Amino acid sequence: MKETVLRKFAEIYGSAEGVNVYFAPGRVNMIGEHTDYNGGHVFPCALTIGTYAAVKKRTDNKLRFYSMNFESLGVIESSLDELTPSDQAGWTNYPKGVMWAFAERGMKMDCGLDIVLNGNIPNGSGLSSSASLEVLTGFYLRDLYGFEVTNIDLAKIGQYSENNFNGMNCGIMDQFASAMGKKDNAIFLDTADLSYQYAPLVLDGAKIVVTNSNVKHSLVNSEYNVRRSECEKALEELQAVVEIKGLGDLSEEQFEANKAAIKDEVRAKRAKHAVYENQRTIRAVEALKNNNLKLFGELMNASHVSLRDDYQVSCDEIDVLAEEAWKVDGVIGSRITGGGFGGCTVSIVKDEAVEQFKVKVGAAYKERVGKTADFYVVEIGDGPRKM
Ligand code: GLA
């Protein structure tokens with residue numbers, strides 16, 4: 001990959017002399033979905049796939065972007081004086097948003113950049129190509145301009161830029177997983193205070209299989225923001241009767257005892273998911289520590305059902321993938337992963353069942369949905385780095 005982006009850089013901008021290459025990973029979330037903006041727990045891991053950038057400082061204020069994933073767009077030009085979101089800027093709104101967010105914090109770039117990007121996260125798969133691009137941008141800005149920020153700051157800046165520059169009110173999970181990834185470990189993160197622990201996820205005799213539905217419904221961002229405000233409203237209603245900062249502060253019992261305060265049935269379902277999913281996540285990590293992979297899998301399945309029925313962020317295609325996975329012998333657990341409305345499922349599958357899994361789930365998906373699913377046996381990788 002390093003050679004590929006360097007070669008492209010030379011081809012596009014004339015020479016690859018003095019060019020640095022960086023990488024930041026995508027992520028898959030094992031459990032703890034739609035809890036990160038509710039002060040709950042998440043359990044994601046960084047992947048070995050992600051986004052690469054070849055970058056060189058310029059002597060003027062210009063920014064030139066080129067993505068090998070969108071070659072037909074050619075070089076997209078901008079400048080440090082134009083760090084405002086625009087439709088024409090397309091994917092460059094992500095790096096520009098991060099540059100803007102650094103400037104907001106008083107870290108201003110004193111010259112522009114030439115950039116070539118290349119990512120190997122499948123587009124629209126829900127494996128956080130945008131968070132990887134944000135963390136990557138922050139990482140090379142720190143390296144090239146000497147900005148004093150930690151990796152956790154990179155996650156916060158990425159989230160801030162996505163919220164305030166790109167209009168997606170995401171939580172911190174994706175950026176945190178990318179910025180703080182650790183090989184063979186998932187990250188048990190409490191989003192209420194950003195305390196975290198690494199938990200080894202070397203599955204004895206099993207693999208993590210990500211199945212791409214290859215669908216992405218246009219609802220993703222709009223419905224995401226709707227869910228978020230539904231939870232905020234439910235929280236306000238609950239705060240009238242119980243002292244909490246976020247839905248993640250409630251146990252299932254406390255929720256049941258106070259849920260009458262929520263004046264709308266739909267909102268009550270959303271809040272129920274947030275509360276129960278948080279508790280499931282805590283229990284799942286405990287199960288993993290006790291080597292109880294069976295329980296971990298059952299909690300993953302329950303997470304899917306809750307996201308499908310109570311949170312309503314699944315879709316027919318993803319439900320087919322999960323249901324068909326549950327039927328295969330050797331599948332320990334399977335669920336939707338990420339924001340929802342398409343994207344991927346994540347499954348834990350016994351080594352000897354992986355081939356069967358691909359054949360059976362793939363065939364059933366083709367038959368029931370009429371589309372082809374893609375399967376990736378993923379590895380858990382480290383966070384961002386200079387190559
Ligand atoms: C998206 C968001 C995350 C998180 C997940 C759902 O990936 O970017 O912050 O909320 O959805 O768990």
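Bear in mind the structure is a predicted one, so any value in this text is a computation, not a measurement. We number each residue from 1, following the sequence as shown. Remember, it's 1-based here, ligands and their atoms both numbered in the order they're listed.
Which parts of ligand 1 touch Cys170 is read off a 4.0 Å heavy-atom cut-off, strictly below it: atoms 2 (C), 8 (O), 9 (O). Listed by number with element, the atoms of ligand 1 under 4.0 angstrom from any heavy atom of Gly171 are 9 (O). Less than 4.0 angstrom separates some heavy atom of Met173 from each of these atoms of ligand 1: 4 (C), 5 (C), 12 (O).
Using a 3.5 Å distance cut-off with no hydrogens or angles, the side chains of Asn278 and Thr281 do not pair a donor with an acceptor. A donor atom on one side chain and an acceptor atom on the other are not found under 3.5 Å apart for Arg227 and Gln312.
In terms of modelled atom types and a separation under 3.5 Å, the side chain of Lys371 and the main chain of Arg368 share no donor-acceptor contact. Under the 3.5 Å distance criterion, the side-chain polar atoms of Tyr52 are left unmatched by any main-chain donor or acceptor of Thr4.
The shortest non-hydrogen separation linking Leu113 to Val55 is CD2-CG1, 3.7 Å.
In this structure, the protein non-hydrogen atom closest to atom 11 (O) of ligand 1 is Gly339 CA, 3.2 Å. For atom 7 (O) of ligand 1, the closest non-hydrogen atom on the protein side is Asp174 OD2, 2.8 Å.
Nearest-residue assignment for atom 3 (C) of ligand 1 (options Asn169, Asp36, Ile172; heavy-atom criterion): Asp36. Looking at Tyr224, Tyr37, Tyr311 and measuring to atom 2 (C) of ligand 1, the nearest heavy atom belongs to Tyr224.
Cation-pi contact between Lys182 and Tyr198: present, with separation from the ring centre below 6.0 Å and deviation from the ring axis of at most 45°.
With a 4.0 Å cut-off on non-hydrogen atoms, Arg27 touches ligand 1 through its side chain and not its backbone.
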